[in-house]
Number of protein chains: 2
Amino acid sequence: MAGTKERILDGSLELFNNRGVQAVTTNHIADHLNMSPGNLYYHFRSKEHIIRSLFERIDADARAVMAPLPTPVSPQQWAEVFLHGLDTVWRYRFFFANIVEIAGRDDMLASRLRALTRWILDWTTGAIDALIEQGSMTPLAPGDRRRLAENVFIIIWNWTSYAVAFRGESRLHEIDAREGVLHSMLLLMPYFEPEFAERVRAAIDRTTVG
Amino acid sequence: MAGTKERILDGSLELFNNRGVQAVTTNHIADHLNMSPGNLYYHFRSKEHIIRSLFERIDADARAVMAPLPTPVSPQQWAEVFLHGLDTVWRYRFFFANIVEIAGRDDMLASRLRALTRWILDWTTGAIDALIEQGSMTPLAPGDRRRLAENVFIIIWNWTSYAVAFRGESRLHEIDAREGVLHSMLLLMPYFEPEFAERVRAAIDRTTVG
DNA sequence: GTCTATAAATGGATAGAC
DNA sequence: GTCTATCCATTTATAGAC
């Protein structure tokens, strides 16, 4: 069958998310898909390679979500980027929750991840600059712009882990992405123009995602 | 020997931090300590129990660091709590980096962790309230106070993971805790009175920890 | 492309001597 | 308290038939 590789990736993702990467073995994945271990290994040389392929999806997703913003940036667009970003983190939450172990055992993936991270941080810093330029945000010291971008990144990255581990959100149901976005947005709110801030808040309320 | 339990905990911590919890087996730990696996199992029934004992240390540490603050809160005290908090996260970084997997496989630990988290968030929210009351901070909506506390918590919790995985900080050397504290403090800065903000910044610069 | 069967290695854990 | 020896279960991965 043609779509076997994709089926394996989809099944692996589901199991990783719900049971944890570590707890899921290649045999579990094969079982889950009513497939033989031999067949699975025909398509992927190892569990590591499955994870790498899942990272490719994340990478593509992230770069698609963070397309160049048209000027001026509208509150609606701004809110959508965050909602989609958080949605991606949720859909691949096993990856974001276990990044230290995953990257620690695959140098190749670790270096590609660092590249993606730089890209995201550059995009975010650039977007903040654009907002400042168009008068929607009050200026900050250059060092603090980068720090702010990094903070937003860290909050989005870890929001689902926090929600699952500390708030006890079910591992099987959707968390409230909106609440996560409100958290990350709170970092920027003090710097937004009052009207822009208000319109971002409203956009978060009315936009659905996923 | 009397201190064997502590030796096991110290050795495990070192290995977990430097090689990853998952990669470290009970046999590795025994080897590392020139001790037999049998002896290790005499002191701890399983790897899970070792991790639980390490959590006990973290729990005690956190509650000690976050002692009730005298009023009024000085910028120096405020800075010190954050520096010590970040230092604890660094010393037990394996735990903070792998919390989802660890808590996902030990319900007992997970529930104790949730209790500690609530305690820390309550402390932080209370401290923010105190700062507002004494006029060092401008008021926020109640919901936003909690969100702010949660954001600070998430940044401190994940700063070392971020530093290791994305900035490529060595796994063997001290990261710059100061930079992490500056990141978390940036969340609060917009709400601080200018003079209080300045004195906090100065306190972070001159205080050493660890 | 897919299966069955199984090799090879590892890791958690225990028994029993000292 | 500590060691040696070892069992058992799990996991990765491959060989070879279909």
Side-chain angles (χ1 to χ4, degrees), chain A residues 1-55 94-95 97-98 100-110, chain B residues 1-55 94-95 97-98 100-110:
Chain A
M1 196 191 292
T4 307
K5 261 188 131 111
E6 292 303 311
R7 271 185 68 223
I8 293 173
L9 291 178
D10 290 339
S12 301
L13 176 59
E14 189 187 335
L15 291 179
F16 288 161
N17 278 342
N18 293 328
R19 302 184 204 276
V21 224
Q22 172 43 31
V24 174
T25 72
T26 47
N27 283 12
H28 291 151
I29 299 170
D31 261 20
H32 180 66
L33 296 168
N34 294 316
M35 172 188 295
S36 67
N39 192 14
L40 188 149
Y41 274 90
Y42 172 81
H43 291 282
F44 290 96
R45 284 190 22 241
S46 71
K47 189 171 154 183
E48 197 169 61
H49 282 78
I50 295 177
I51 295 174
R52 270 190 205 174
S53 290
L54 287 172
F55 171 74
F94 87 92
F95 183 84
N98 296 284
V100 172
E101 288 274 344
I102 291 172
R105 289 200 265 159
D106 185 345
D107 289 345
M108 156 87 163
L109 192 152
Chain B
M1 195 191 291
T4 307
K5 260 187 132 111
E6 292 302 312
R7 272 185 68 223
I8 294 173
L9 290 178
D10 290 338
S12 301
L13 176 59
E14 189 187 335
L15 290 179
F16 288 161
N17 277 343
N18 293 328
R19 301 183 202 274
V21 224
Q22 171 43 31
V24 173
T25 72
T26 46
N27 283 13
H28 291 151
I29 299 170
D31 260 21
H32 179 65
L33 296 168
N34 295 315
M35 171 186 296
S36 67
N39 193 14
L40 187 149
Y41 273 90
Y42 172 81
H43 292 281
F44 289 96
R45 284 190 23 242
S46 71
K47 189 171 153 182
E48 197 169 62
H49 282 78
I50 295 178
I51 295 175
R52 268 191 206 173
S53 290
L54 287 172
F55 171 74
F94 87 92
F95 183 84
N98 297 285
V100 172
E101 288 274 342
I102 291 172
R105 290 200 264 158
D106 184 345
D107 289 345
M108 157 86 162
L109 191 153

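Lettering follows sequence order; numbering is per chain, from 1.
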Check: protein-nucleotides 11-14 of chain C nitrogen or oxygen pairs below 3.5 Å:
unit_1, atom_1, unit_2, atom_2, d
C/dG12, OP2, B/T26, N, 3.1
C/dG12, OP2, B/T26, OG1, 3.3
C/dA13, OP2, B/Y41, OH, 3.1

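- To the nearest angstrom, C1' of C/dT10 lies 14 Å from CG of B/D31.
- Listed by chain and residue number, nothing satisfies the salt bridge (Lys or Arg N to Asp or Glu O under 4.0 Å) test with B/D31 (two or more places apart in sequence, or in another chain).
- B/Y41 meets the ring-ring contact (aromatic ring centres under 6.0 Å, His included) test with no other residue; sequence neighbours excluded.
- Scanning for side chain to side chain donor-acceptor pair (under 3.5 Å) contacts around B/Y42 gives an empty result, with sequence neighbours left out.
- In this structure, CG in B/N34 is found 7.5 Å from CZ in B/R7, a value given to the nearest 0.5 Å.
- Computed from coordinates, the A/L33 CG to C/dC3 P distance equals 10 Å when rounded to whole Å.
- The nearest whole Å value for the distance from the CD1 atom in A/I50 to the C1' atom in D/dT11 is 13 Å.
- Atom-to-atom, CG of A/L40 to P of D/dT11 comes out at 14 Å; the value is rounded to the nearest Å.
- Remark: A/H49 engages A/F44, A/R45, A/S46, A/R52 in a side-chain contact (heavy atoms from CB on, under 4.5 Å) (not counting sequence neighbours).
- Listed by chain and number, the residues in a side-chain contact (heavy atoms from CB on, under 4.5 Å) with B/N27 are B/T25, B/P37 (sequence neighbours excluded).
- Taking side-chain N and O atoms only, A/N39 has a distance below 4.0 Å to OP1 or OP2 of C/dC3.
- When the C1' atom of D/dA17 is taken as reference, atom OH of A/Y42 falls 16 Å away, rounded to whole Å.
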